[in-house]
Amino acid sequence: MLEVQLIRSDKDRILERLKKRNLSADELKLLDEVLEADDRRRRLQTELDEMKAERNTLSGQIGELFRQGKREEAEQLKSRVGELKAKLSEGEDALRKVVDRREHLLLQIPNVPHESVPAGSAESDNELYRAWEGRLPGLPDGALPHWELGEKYGILDMELGTKLTGSGFPVFRGMGARLERALISFFLDEARKAGYEEIIPPLLVNEDTARATGQLPDKEGQMYQAERDNLYLIPTAEVPITNIYRNAILDASDFPVKLAGYTPCFRREAGSYGAEVRGLNRVHQFDKVEIVQLVHPDHSYEALEGMLTHVAGLLQQLELPYRILRLCGGDLGFTAALTFDFEVYSAAQQRWLEVSSVSNFETYQSNRMKLRFRDGKSTRLVHTLNGSALALARIVAALLENNQTPDGIVIPKAIRHLTGFDIIS
RNA sequence: GGAGGAGUGCCAGAGUGGUCGAAUGGGCCGCACUCGAAAUGCGGUGUACUGGCGACGGUACCGGGGGUUCGAAUCCCUCCUCCUCCGCCA
């Protein structure tokens, strides 16, 4: 959620930046509507506060009069307070309405893109931030896509998942399951080495939690809901992990807070069918290690750089060809100010697969979350960041495809100590 | 799931209708004493919204929400959480 003070003080710049998101004229008008609602809110607030102050004074006097036994005078004052109360409850209704309206409007405004975000409306407008310098792996004729490799080696069974649950729920077996587990361990080990505290959070979250990181109301349709208990299955560990610090005031000395967590992620994503989403390309459940940082606003872009370096290091160790994109305004998530996507080349499909998204949310999440830090005598909102490090499903897809040989699938050296085998055959 | 008890500031803990944003103790910060430290003494120590250039004010918050009352931390309703006992259980 944008900070209203910023809209008030810096509207033109915000407007300019929001245009990169290709917002409609109506959407851009939201800024003015928010300011209008906020002005009204403040006026009402002041009026109400004054009435309440008067009521409080009168009530004090009434008490005093009763103590002195001056009943009649007290009764007179009571009737005055009675009038006041009628006006007060009217005003309170009005205030509630305008507060709700302000909130409602604010929730519809996406984060302000960072100055470096390119304008654009689609994926094709994303900026190639770091291209892959090396040669892309070519595969011999007869190379298989990962879903066929999975079947061939008995390590990944999509149909079984369909039987057990529905389409898009992969089942890993044998060496496939062990590979999955090894990758999770590898990513967690690397995160720890990079100074992240490991977290195992709940996989179900309540409404407040889902709202604070922006899944509600923006992406309600993306989450599976346990309706009976009003809980949501997490679409990413970002949700519970960032919310650890919801409604908190950090000390400046706490910075940077670095957290990492492995969780399965659940996404409804009413997807299409076809080659684009076959196998592990897009699934309803996948494993992911997420890294989260809470930092001082002055250092959030350094932190973002650091996260990019971390993710790049993982991909290098796995010997996967990757490139980094800077998302354009149109592709940028609702809550992010700047996002870099990592894509890995999947040789048999001959396409790039998104395996990580690293974002700085600046104060957008912390404002919703009331996550602040002590800055001298006052408090300020923290900057929050997160990134996948990494999302497993597509990494496995790329590993299977890129590393296939006539003898089997070769495991990257960096994780052999964790898999316990060098090749899947 | 059943029965009972409890939720107050950074922590412990008092407060059962008015003068309570809240005693007291601890912690923390500042000052004094000291060569320095400990001990001691004195002072300070919440958040949000809001008015004001500022000095300084106002309002709200004692688990969440609602109600009674001129007035609620205190009474009522409801939800949540925790504790104890019973049941069930990996």
Side-chain angles (χ1 to χ4, degrees), chain A residues 1-9 34-107 200-212 216 226-232 240 243-255 257 294 363-382:
Chain A
M1 200 153 68
L2 289 187
E3 298 169 75
V4 177
Q5 284 134 306
L6 278 184
I7 303 179
R8 204 183 302 151
S9 65
V34 163
L35 290 183
E36 201 182 294
D38 192 54
D39 281 345
R40 187 161 150 67
R41 180 192 122 261
R42 282 152 69 208
R43 274 200 307 276
L44 272 170
Q45 179 87 61
T46 308
E47 270 175 43
L48 281 177
D49 283 356
E50 280 164 4
M51 280 193 259
K52 284 180 181 172
E54 192 181 346
R55 180 201 62 193
N56 290 346
T57 311
L58 291 176
S59 289
Q61 289 172 3
I62 290 170
E64 188 57 31
L65 288 172
F66 268 121
R67 231 165 291 120
Q68 296 171 2
K70 299 176 177 168
R71 292 202 167 269
E72 278 175 38
E73 287 178 51
E75 289 301 331
Q76 265 182 355
L77 282 188
K78 267 202 205 181
S79 66
R80 265 183 66 192
V81 175
E83 290 165 33
L84 213 52
K85 270 183 36 164
K87 278 203 286 184
L88 209 54
S89 78
E90 227 174 89
E92 262 164 1
D93 286 346
L95 180 65
R96 192 168 314 169
K97 271 194 199 126
V98 77
V99 165
D100 285 350
R101 178 173 157 72
R102 172 182 182 268
E103 177 92 359
H104 176 75
L105 291 167
L106 232 28
L107 285 175
I200 298 181
L203 306 181
L204 287 158
V205 295
N206 60 31
E207 246 179 276
D208 286 346
T209 299
R211 185 172 306 107
L216 290 178
E227 264 178 275
R228 196 169 163 185
D229 298 288
N230 210 256
L231 297 172
Y232 296 87
N243 268 279
I244 290 173
Y245 288 94
R246 168 151 50 90
N247 223 324
I249 300 176
L250 300 178
D251 221 71
S253 62
D254 295 332
F255 289 136
V257 175
L294 312 178
T363 59
Y364 198 89
Q365 290 183 329
S366 60
N367 192 30
R368 277 198 195 181
M369 228 176 328
K370 296 191 173 55
L371 167 53
R372 296 142 311 183
F373 70 99
R374 219 166 273 292
D375 186 34
K377 287 212 126 192
S378 64
T379 63
R380 281 173 70 190
L381 293 172
V382 163

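Note on naming: letters A, B, ... go to the chains in the order of the sequence lines (proteins, then strands), and numbering restarts at 1 for each one.
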Partners meeting salt bridge (Lys or Arg N to Asp or Glu O under 4.0 Å) with A/Arg41 (sequence neighbours left out)
A/Asp38

With heavy-atom distances below 4.5 Å as the criterion, would you say the side chains of A/Tyr245 and A/Leu294 are in contact?
yes

Check every strand shown and say whether A/Ile249 touches a base, only sugar-phosphate, or nothing at a heavy-atom separation below 4.0 Å.
sugar-phosphate

Could you pull out all residues at least two apart from A/Arg42 that satisfy side chain to side chain donor-acceptor pair (under 3.5 Å)?
A/Asp39

Distance-only donor-acceptor hits, side chain of residues 202-210 of chain A, under 3.5 Å, sequence neighbours excluded:
unit_1: A/Asn206; atom_1: OD1; unit_2: A/Asp208; atom_2: N; d: 3.3
unit_1: A/Asn206; atom_1: OD1; unit_2: A/Thr209; atom_2: N; d: 3.0
unit_1: A/Asn206; atom_1: OD1; unit_2: A/Thr209; atom_2: OG1; d: 2.9
unit_1: A/Glu207; atom_1: OE2; unit_2: A/Arg211; atom_2: NH2; d: 3.3
unit_1: A/Thr209; atom_1: OG1; unit_2: A/Arg246; atom_2: NH2; d: 2.7

Let me know, please, whether A/Arg55 or A/Lys78 comes out on the 5' side of the other along RNA chain B by nearest nucleotide.
A/Arg55

Considering only atom C1', compute the distance from B/U45 to B/C82 and round it to an integer number of Å.
29 Å

I'd like the 5' and 3' limits of the part of RNA chain B contacted by chain A, with heavy-atom contacts below 4.0 Å.
B/G18 to B/G71

Any residue meeting side-chain contact (heavy atoms from CB on, under 4.5 Å) with A/Lys97, in chain and number order, not counting sequence neighbours
none

Reckon A/Ile62 touches a base, only the sugar-phosphate, or nothing at all at heavy-atom distances under 4.0 Å?
base

Residues two or more places apart in sequence or in another chain: which of them pass side chain to side chain donor-acceptor pair (under 3.5 Å) with A/Arg374?
none

By nearest heavy atom, map A/Lys377 and A/Lys52 onto RNA chain B; which one lands nearer the 5' end?
A/Lys377

With sequence neighbours excluded, residues passing side chain to side chain donor-acceptor pair (under 3.5 Å) with A/Ser378:
none

Return the set of residues passing salt bridge (Lys or Arg N to Asp or Glu O under 4.0 Å) with A/Glu64 (not counting sequence neighbours), or none when no residue passes.
A/Arg67

Stem regions touching RNA chain B, defined by at least 3 consecutive Watson-Crick or wobble G-U pairs below 3.5 angstrom:
B:1-7 with B:80-86, B:10-12 with B:24-26, B:27-32 with B:40-45, B:46-51 with B:56-61, B:63-67 with B:75-79

A/Asp93: partners by side chain to side chain donor-acceptor pair (under 3.5 Å), with sequence neighbours left out
none

Any residue in residues 40-50 of chain A with a heavy atom nearer than 4.0 angstrom to RNA chain B? Just list them by number, or reply none.
A/Arg41, A/Arg42, A/Gln45, A/Thr46, A/Asp49

Please list all pairs meeting salt bridge (charged side-chain N to carboxylate O under 4.0 Å, His left out) that have one or both residues in residues 47-59 of chain A, counting only residues at least two apart or in different chains.
A/Lys52-A/Glu92, A/Glu54-A/Arg80

Sticking with atom P, work out how far B/G2 lies from B/C88, rounded to a whole angstrom.
15 Å

